[in-house]
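Below, read A as the first sequence line, B as the second, and so on, with proteins coming before strands; counting in each chain starts at 1.
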Amino acid sequence: MDFLDKLNNQQRAAVTAGNGPVLVVAGPGSGKTRVLTQRIAYLIAEEGVRPWQILAVTFTNKAAREMGERVKKLLPDQAIEGIMLGTFHSICGRILRRETEYLPIQSNFVIFDTDDQERIVKNVIREFNINEKLYRPASVLGAISRAKNELITADDYPTQTYRDEIVKRVYAEYQKRLVASNAVDFDDMLMYTARLLEENPSVRDKYAQRFRHVLVDEFQDTNLAQYALVKQLASFNRNIFCVGDPDQSIYAWRGADWRNVQRFEQDFPDAQTILLEQNYRSRQTILDAAMGVIDRAHNRRKKKLFTDRGEGEKIFFYEAPDDYAEASFVVDTIAQLVASRQFEPGDCAVMYRTNAMSRLIEEAFLQARLPYRLVGAQRFYGRREVKDIIAFLRLVHNPADEASLDRVINVPPRGIGDKTLTTLHLVARQNNLQPGHVLLDLARGKESPYWESFSGRAALPLADFGGMLATWRTAALSLTVPELFDRVVKDLGYKEYIDDESEEGEDHWENVDELRRLTLEYSTRTLDEFLENIALVSDQDTITEGNVPTLLTLHAAKGLEFGAVFIVGLDDGILPHSRSFDEPEGMEEERRLFYVGITRAKDKLYLIRSIQRGGRGSQEETFPSRFLDDIPADLLIGKTRTGRAMRGAPAETKWAIHTRTQSASVIETQFRAGTRVKHSSWGEGIVLDSKIQDDDEIVDVVFNSVGIKRLSASLANLKII
DNA sequence: AAGTGCTTGCTTTTT
DNA sequence: GCAAGCACTT
Ligand SMILES: Nc1ncnc2c1ncn2[C@@H]1O[C@H](COP(=O)(O)OP(=O)(O)OP(=O)(O)O)[C@@H](O)[C@H]1O
């Protein structure tokens, strides 16, 4: 196995570790993921393990796909056929579909997304006459989700306060409705599987015996349910291999629990712990900055991060006059980096705390006519038209699905309003049926025993829709997924409904078209597979294509690496986010999030903030992120020791406009980004950017003494050195 | 039932 | 500043 030569000793020890439990704990860029993939290859090639005896779990589809590709590079295709490699949820999905005989649901169950969940919780809260203002569906749902992640059922839900009592009641009813809808939510997938394996030795042994090796990536982000799951799956062979980094734990808010390491050590006392030390990704300056930030975290063992990739360049710090300037600075700088051939566009990434922050950055890219790729942000799967069509298909597949029915029963408007819907629910409840079943029966018209419950005006559209659903269900038996899709869209007159010839309408129709393209991959597969995939895949899984910069949240950046990284919005209140101000735990997680962002950079790191920012309404003054103080000042350029270095000249608020004039310029610039210059009073500095404006050259320079200044080349006496 | 216009309250992060 | 949610009208 020649690839073993390229590993350092510790990495090799991890890849070739013998049987038994192994825990690899190591910092960013130390090759954890690399070790995990190579171990898969090693087990197959050297240890005679069959591919289907290997289970490898990741958190995101993207990570799973990437790992699959990396293994493919090491071994021939047929040698890796059958590896069970996927996210926790997709693996649970596969197990659950086969084992429904032990579960309260049937094998055609559907997976509820957050929208569906909220819809059900809202229904329950309303029916229980609970104050929606006091008990926000999202917050109640959060409590339910946390409970499920800890494997706590509604019956076991602890009630210390009155609020707990309410949550418990909602939880119980919510769960009942999920089961009645023949549906599971994301958390159920983990909890059902974990409980199934725990309570049913024969099922557990079937899987535990099959998987000779279980490997888990990003172990620091597992919650209790996930831990229980892998523990059960590894219970027979005890070959469990986990890699993780406590400093990169950024998902505690959704139940991730680093105490799983302690549980692991308790449950597998014979575990070997392997530490990887050397960083192969980043320059030392970047690692030093990262250490500055993470060393201030509490309750952790100090780790030294080192590399032999050299010191590298200093970290750029830029304080923009406002958030528009912040965005155009990023785009301008990327353009410069590309123009000067320092980086490919695809080597650059822009990271931010919240999805909403992508908007200004995108606008700046659009204005500069530069392409980019946006990860996440519900751009496609969150669109109304996409969700609608999926809801129709889900109903065809599983008419019991209450969330989908409520969503689309009146789409396009067919005269079924709130009143009728409420009656439908009531009638269903009285007859111990799901609303969807009553609807299907109403298709028989006056024959149906439920017909009388509705006024004539309400019964007709219900019967109509019920009839349509019934014909789709029959058609689904003989049609392929794309054929069914076309049939549904045509019968609904969905195009006429959404495409009103306006630009927006066309946009919406394009999304439907895109969804149709996705069904084409399922021409030879079942509706079931299509729906499961759609439920588990998300906008986060944007495929890397094209050599263009990536825009993504810090969370989405975990596990990735880029040549040049821009972290924007380094203001207190954004990073750290204001919602974490009053919880020390949350604040620590914000710190780790920043750490994760910094350590994505291979060669160049830009830390950016804006001294004022458009909150809701007008621009508001902001303050630098407290984490910036933890980076040793000598690693940064563009910032004086006193902090607030460059107050923007008034003209700078028009930066975005300058950018546009730039492309129209005829005269050559005298200065280029990266050029070292000297100024009579400010001394030495480095050119950040230069452009022609009104027959003059406007140069942005970072001076060692005063930070970034904007100068006119004709007035300022700048010398190239 | 559905459309209009006004009020509210809101913004982490994701499978 | 905006979207969702509400009351009120037709
Ligand atoms: N022994 C090695 N020789 C050369 N390059 C290496 C070696 N080990 C790892 N690398 C490189 O270092 C980079 C980081 O590796 P990898 O992504 O596996 O790290 P990681 O520990 O999973 O990082 P993180 O925790 O930050 O996601 C990759 O580009 C990888 O190819």
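Under the side chain to side chain donor-acceptor pair (under 3.5 Å) criterion, A:R414 pairs with no residue at all, not counting sequence neighbours. Evaluation of the ring pair (Phe, Tyr, Trp, His ring centres under 6.0 Å) rule for A:F454 yields no partner, not counting sequence neighbours. For A:A252, the side chain to side chain contact (heavy atoms under 4.5 Å, CB included) partners at least two apart in sequence or on another chain are A:E589. With sequence neighbours excluded, the residues satisfying side chain to side chain donor-acceptor pair (under 3.5 Å) with A:H397 are A:D528. Remark: A:F112 pairs with no residue by the ring pair (Phe, Tyr, Trp, His ring centres under 6.0 Å) rule, at least two apart or across chains.
For A:R254, counting side-chain heavy atoms from C-beta on, the closest listed nucleotide (B:dA1, B:dT11, B:dT15) is B:dT15.
Taking the centre of each ring, A:Y494 and A:Y497 come in below the 6.0 Å mark.
Between A:L593 atom CG and B:dT13 atom C1' there is a gap of 7 Å when expressed in whole angstrom units.
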When you compare the protein's N or O atoms with those of nucleotides 2-5 of chain C, which come within less than 3.5 Å of each other, and at what distance?
unit_1: C:dG5; atom_1: OP1; unit_2: A:K122; atom_2: NZ; d: 3.3

Between the protein and nucleotides 7-9 of chain C, which nitrogen or oxygen pairs are less than 3.5 angstrom apart?
none

Polar atoms only, N or O, under 3.5 Å: list the protein pairs with nucleotides 2-7 of chain B and their distances.
unit_1: B:dA2; atom_1: OP1; unit_2: A:G415; atom_2: N; d: 3.1
unit_1: B:dA2; atom_1: OP2; unit_2: A:N410; atom_2: ND2; d: 2.8

query: Can you give the dot-bracket line for DNA chain B, using ( ) for pairs inside the strand, [ ] for pairs that cross earlier ones, | for pairs with another strand and . for unpaired bases, where Watson-Crick and G-U count if both distances are under 3.5 Å?
result: ||||||||||.....
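Among the protein residues, A:F59 comes within range of the sugar-phosphate backbone only, with heavy atoms under 4.0 Å from sugar or phosphate atoms but none that close to a base.
Of the residues in residues 145-154 of chain A, not one places a heavy atom less than 4.0 Å from an atom of DNA chain B.
Applying the ring pair (Phe, Tyr, Trp, His ring centres under 6.0 Å) rule to pairs touching residues 566-595 of chain A yields A:F566-A:Y606, sequence neighbours excluded. For residues 572-583 of chain A, the salt bridge (Lys or Arg N to Asp or Glu O under 4.0 Å) pairs, not counting sequence neighbours, are A:D572-A:R626.
Heavy-atom nearest nucleotides on DNA chain B were determined for A:R136 and for A:W253, and the one closer to the 5' end corresponds to A:R136.
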